[in-house]
Amino acid sequence: MSRGSTTFHINSEQATCAFARALGTRLQPGDSVLLEGGIGAGKTFFARQLIQSLLTEPEDVPSPTFTLVQVYDSTSGEIWHCDLYRLTDPAQCIELGLEEAFESAICLIEWPDRLGSLTPEDALTIRFSETAQEDARELSLNWHGAKWKSRLEGIVG
């Protein structure tokens, strides 16, 4: 399976929005994006921008911290936004229905380390790291599968 990685800096919330929206237009059902980083690193902000860019009607996109999963109907199909922070066992991910969602929906997963062996092999991982500059982030992208290289072409870096 093809592997790739890249790291780049985003210097503002506007640039984060632009990247999230550009990536969103390239996602398809069956794609998983794993969002890593500490609390406050920008995972939910990024997910919110990506989701809102694909909705036909504007709606509130709350953090799924307490609900664990928020599901949206979008122009690209169903989107699952998951926050797995409070889970303690990968079996709990099965109970949420994530295995089926990985096959049929666009999945945005915060705290993907909770997935354990359920982690999709062909996922795109985005690690958010804070920098000294407010609203700036370093993004490290890693992927498995040839599809990501072409999908990221022209929007990273």
Side-chain angles (χ1 to χ4, degrees), residues 1-55 58-72 74-87 93 98 101-102 105-116 118-157:
M1 186 174 285
S2 173
R3 294 175 180 253
S5 66
T6 189
T7 299
F8 62 99
H9 294 273
I10 289 185
N11 293 319
S12 67
E13 284 187 354
Q14 293 81 7
T16 301
C17 292
F19 175 62
R21 291 172 183 274
L23 179 60
T25 64
R26 296 169 185 220
L27 296 178
Q28 300 173 7
D31 287 343
S32 295
V33 180
L34 310 179
L35 305 172
E36 296 181 341
I39 294 172
K43 301 177 301 291
T44 301
F45 179 81
F46 177 86
R48 183 175 290 129
Q49 299 307 310
L50 191 151
I51 293 164
Q52 287 176 336
S53 74
L54 296 176
L55 297 177
E59 68 178 272
D60 187 35
V61 178
S63 170
T65 300
F66 296 104
T67 59
L68 302 178
V69 176
Q70 295 285 109
V71 180
Y72 303 91
S74 79
T75 56
S76 298
E78 203 168 66
I79 301 171
W80 282 48
H81 181 199
C82 308
D83 184 328
L84 307 181
Y85 182 75
R86 296 185 305 125
L87 299 187
C93 298
L98 277 175
F102 288 145
I106 294 169
C107 295
L108 305 174
I109 310 291
E110 297 185 42
W111 304 98
D113 58 308
R114 307 312 201 256
L115 290 168
L118 298 174
T119 303
E121 288 184 22
D122 64 346
L124 170 66
T125 300
I126 304 175
R127 175 147 192 83
F128 294 79
S129 300
E130 295 183 73
T131 67
Q133 181 186 346
E134 188 177 345
D135 295 332
R137 299 290 185 266
E138 179 178 271
L139 275 66
S140 299
L141 283 64
N142 292 286
W143 60 88
H144 301 267
K147 69 181 177 184
W148 293 112
K149 183 176 181 183
S150 63
R151 296 220 193 137
L152 295 170
E153 196 169 295
I155 63 169
V156 295

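Computed over heavy atoms, backbone and side chain alike; hydrogens, waters and symmetry mates excluded. In this chain, numbering begins with 1 at the start of the sequence shown.
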Taking all atoms of both residues into account, what is the closest heavy-atom pair of Ala15 and Ser12, and its distance? N-OG, 3.1 Å
Are Phe8 and Phe19 an aromatic pair by the rule of ring centers under 6.0 Å? yes
When you compare the side chains of Asp83 and Thr65, does any donor N or O come within less than 3.5 Å of an acceptor on the partner? yes
When every non-hydrogen atom of Pro112 is compared with those of Glu36, the smallest separation belongs to CG-CG, 3.7 Å
Let me confirm one number: the CG-OG1 distance from Leu35 to Thr44, rounded to the nearest 0.5 Å. 8.0 Å
Quick one: do Ile106 and Tyr72 satisfy side-chain contact (heavy atoms from CB on, under 4.5 Å)? Show the steps, please. CA-CA 10 Å; Ile106 294 169; Tyr72 303 91; over 6 Å; no
Which pair of non-hydrogen atoms, one from Cys17 and one from Phe45, has the smallest distance, and what is that distance? SG-CZ, 3.7 Å
Rounded to the nearest 0.5 angstrom, the CG-CD1 distance for Leu23 and Ile155 is 5.0 Å
From Lys149 NZ over to Leu124 CG, what is the distance, rounded to the nearest 0.5 angstrom? 15.0 Å
Over all heavy atoms of both residues, which pair between Phe102 and Cys107 is shortest? Give the atoms and the distance, please. CD2-SG, 3.7 Å
Enclosure of Glu134 CD (heavy-atom neighbours >12, cutoff 6.0 Å): no
Got a donor-acceptor contact below 3.5 angstrom from the Ser140 side chain to the Thr7 backbone? no
Roughly how far apart are Asp113 CG and Tyr85 OH, rounded to 0.5 Å? 10.0 Å
Reported CG-to-CZ distance for the pair Leu68 and Arg114, which is rounded to 0.5 angstrom: 11.5 Å
CD on Glu110 to CG on Leu84, rounded to 0.5 Å: 8.5 Å
Over all atoms of both residues, closest heavy-atom pair of His81 and Pro62: ND1-O, 4.3 Å
Using only atom types and a distance under 3.5 Å, with no angle test, would you say the side chain of Arg48 pairs donor to acceptor with the backbone of Val61? yes
With a 3.5 Å distance limit and no angle check, can you tell me whether Arg151 reaches the backbone of Leu27 through a side-chain donor-acceptor pair? no
Return yes if some donor-acceptor pair links the side-chain N/O of Lys43 with the main-chain N/O of Phe128 below 3.5 Å, else return no. no
Are any of the side-chain heavy atoms of Leu50 and Leu108 separated by less than 4.5 Å? yes
Would you confirm whether Trp148, through its side chain, and Asn142, through its main-chain N or O, come within 3.5 Å as a donor-acceptor pair? no
Closest non-hydrogen atoms of Lys147 and Asp122, given as atom of the first, atom of the second and distance, are NZ-OD2, 3.3 Å
As a quick check of understanding, evaluate side-chain contact (heavy atoms from CB on, under 4.5 Å) for Leu141 and Leu152, giving each step before the final call. CA-CA 10 Å; Leu141 283 64; Leu152 295 170; 4.0 Å; yes
Mind running side-chain contact (heavy atoms from CB on, under 4.5 Å) on Leu87 and Cys93 for me, showing each step along the way? CA-CA 8 Å; Leu87 299 187; Cys93 298; 3.7 Å; yes
Given side-chain contact (heavy atoms from CB on, under 4.5 Å), test Arg137 with His9 step by step and report yes or no. CA-CA 6 Å; Arg137 299 290 185 266; His9 294 273; over 6 Å; no
Is there a donor-acceptor contact under 3.5 Å linking the side chains of Thr16 and Gln49? no
